[in-house]
Structures are given as structure tokens and as C-alpha cells.
Amino acid sequence: QVQLVESGGGLVQARGSLRLSCAASGSIFSIKTMGWYRQAPGKQRELVATITSGGSTNYGDSVKGRFTISRDNAKNTVYLQMNSLKPQDTAVYYCKTEVHSSWWAPAIDYWGQGTQVTVSS
């Protein structure tokens with residue numbers, strides 16, 4: 001099994017910044033894509049950003065130019081730097097990893113518990 005520990009969420013004012021981190025541990029042979037998703041009350045979960053093992057990134061349209069995703073492969077950790085935050089960014093942010101537990105195993109998605117980010121106006 002794989003465990004994800006998220007941290008960095010909290011309350012911040014509009015135009016402020018926040019950095020989230022997510023560390024994966026457990027039975028890990030390799031990690032493919034890591035990413036962040038968010039879900040606001042009454043809305044569907046949406047893509048924030050993803051990053052592949054090779055460093056290729058993809059961002060949701062609403063966060064392009066403001067958020068930056070990065071990863072530290074040695075630490076099995078993914079980060080999300082959030083700048084110029086807006087009240088619309090308020091949501092629970094979830095970390096996701098695509099993990100191979102062994103060389104022969106298919107990749108399996110694991111989700112973190114979620115961390116609350118609240119942006120006040």
C-alpha cells in the first residue's frame with residue numbers, strides 16, 4: 001500500500017501565496033504521474049496540475065500562470081506553489097500519485113486525504 005501525506009494548506013488572503021506538499025511512502029517501485037486536484041463545495045473535482053516522472057507539466061486553465069507544480073523524485077514528493085491566490089481557489093486540494101508497486105504491477109492511483117485551502121477576500 002501507498003500512503004500520501006499532504007501539508008501546507010490553510011487560510012490566506014487574496015493575492016497571497018501558499019505552497020502545498022505531498023509525500024508518498026510505502027510499497028513504491030516507481031511513480032509515474034503526480035498531480036493536484038481540487039474540489040470546491042457543490043462542484044466537481046477538477047484538475048489543478050500534473051507532472052510526469054520526466055518533468056512534463058500540465059495545468060488547468062484556471063490556474064495557468066499562477067500555480068507551479070514540481071517534484072522531488074528522490075523524496076517521492078510533489079509540490080504546488082500557488083501565487084496570486086483568488087477566493088475562487090478556495091477548495092479542498094487532493095494529491096494523486098500513479099504508482100507501480102513492483103515492476104510487473106499495473107499503475108494504480110492513490111489519493112491523499114485532502115488539505116483545505118481557503119482564500120479570503
Side-chain angles (χ1 to χ4, degrees):
Q1 287 293 314
V2 174
Q3 298 80 43
L4 303 180
V5 179
E6 300 153 311
S7 62
L11 176 65
V12 66
Q13 293 183 331
R15 301 176 300 282
S17 298
L18 208 59
R19 190 173 86 145
L20 306 182
S21 64
C22 173
S25 63
S27 183
I28 300 172
F29 177 74
S30 65
I31 299 177
K32 294 179 65 179
T33 302
M34 307 182 80
W36 292 94
Y37 298 76
R38 68 187 184 186
Q39 187 166 26
K43 294 187 176 182
Q44 291 185 308
R45 187 171 298 186
E46 65 174 346
L47 167 72
V48 177
T50 61
I51 183 167
T52 69
S53 60
S56 297
T57 59
N58 183 48
Y59 295 92
D61 289 339
S62 63
V63 306
K64 287 180 180 177
R66 299 188 297 121
F67 291 9
T68 302
I69 189 170
S70 61
R71 64 190 283 173
D72 185 335
N73 290 326
K75 296 182 178 180
N76 291 142
T77 300
V78 62
Y79 305 93
L80 183 70
Q81 179 66 46
M82 303 183 290
N83 298 325
S84 302
L85 283 162
K86 305 174 181 179
Q88 304 95 285
D89 295 318
T90 296
V92 177
Y93 285 69
Y94 297 92
C95 174
K96 188 183 82 170
T97 64
E98 296 180 75
V99 179
H100 286 280
S101 60
S102 63
W103 69 268
W104 52 263
I108 298 175
D109 290 342
Y110 291 89
W111 290 88
Q113 295 286 93
T115 184
Q116 177 70 47
V117 172
T118 302
V119 184
S120 64
S121 59

Exercise for review: Taking all non-hydrogen atoms of both residues into account, name the closest pair between Tyr79 and Ser21 and its distance.
Suggested key: CD2-CB, 3.7 Å
Point to revise | Minimum heavy-atom distance Thr97-Ala24, with the two atoms named | key: CG2-CB, 4.5 Å
Check your understanding: Parallel, tilted or perpendicular: which describes the rings of Trp111 and Tyr94, with under 30° parallel and over 60° perpendicular?
Key -> perpendicular
Check your understanding: Is there side-chain contact between Ile108 and Val99, with at least one heavy-atom pair below 4.5 Å?
Key -> no
Practice item. Would you kindly confirm whether Ile31 and Tyr37 end up in one hydrophobic cluster when ILVMFWY residues are joined by side chain heavy atoms under 4.5 Å apart? Key: no
Study note, to complete from the structure: What one should report as the nearest heavy-atom pair of Leu20 and Gly9 is CD2-N, 3.5 Å
Review point. Applying the 4.5 Å side-chain criterion to the ILVMFWY set and letting contacts propagate, would Val12 and Leu80 be lumped into a single cluster?
Key: yes
**Study point:** Value rounded to 0.5 Å, distance of CG in Asn58 from OG1 in Thr50
**Key:** 4.5 Å
Check your understanding: To the nearest 0.5 Å, what is the distance between CZ (Arg15) and CD (Gln13)?
Key -> 7.5 Å
**Study point:** hydrophobic_cluster_shared for Tyr59 and Leu47, side chain cutoff 4.5 Å
**Key:** no
Exercise for review: Sorted by first residue and then second, give each salt bridge (charged side-chain N to carboxylate O under 4.0 Å, His left out) pair with at least one member in residues 109-121; sequence neighbours left out.
Suggested key: Lys96-Asp109
Check your understanding: To the nearest 0.5 Å, how far apart are NZ in Lys43 and CZ in Arg45?
Key -> 15.0 Å
Practice item. Would you check if Arg66 and Met82 make a side-chain contact, meaning some heavy-atom pair closer than 4.5 Å? Key: no
Review point. Any side-chain heavy-atom pair from Cys95 and Val78 closer than 4.5 angstrom?
Key: yes
Review point. So, Glu6 side chain and Gln113 main chain: donor-acceptor pair closer than 3.5 Å or not?
Key: yes
**Study point:** Intermediate values then yes/no, side-chain contact (heavy atoms from CB on, under 4.5 Å), Leu18 and Phe67
**Key:** CA-CA 10 Å; Leu18 208 59; Phe67 291 9; over 6 Å; no
**Study point:** Separation between OG of Ser30 and CD of Glu98, rounded to the nearest 0.5 Å
**Key:** 10.5 Å
Review point. How far apart are the closest heavy atoms of Met34 and Thr77, and which atoms are they?
Key: CE-C, 4.1 Å
Point to revise | Shortest non-hydrogen separation from Ser121 to Pro87 and the atoms involved | key: CB-CG, 3.9 Å
Point to revise | Distance-minimising heavy-atom pair for Ile51 and Arg71 | key: O-NH1, 3.2 Å
Review point. Does the side chain of Arg38 come within less than 4.5 Å of Val63's, by heavy atoms?
Key: yes
Review point. Using 4.0 Å as the upper bound for N to carboxylate O, is an ion pair formed by Asp89 and Lys86?
Key: no
Practice item. Say whether Tyr110 and Ile28 are linked into one hydrophobic cluster, either directly or through other cluster members, by side-chain heavy-atom distances under 4.5 angstrom. Key: yes
Check your understanding: Looking at side-chain heavy atoms only, is the closest gap between Lys32 and Ser53 below 4.5 Å?
Key -> no
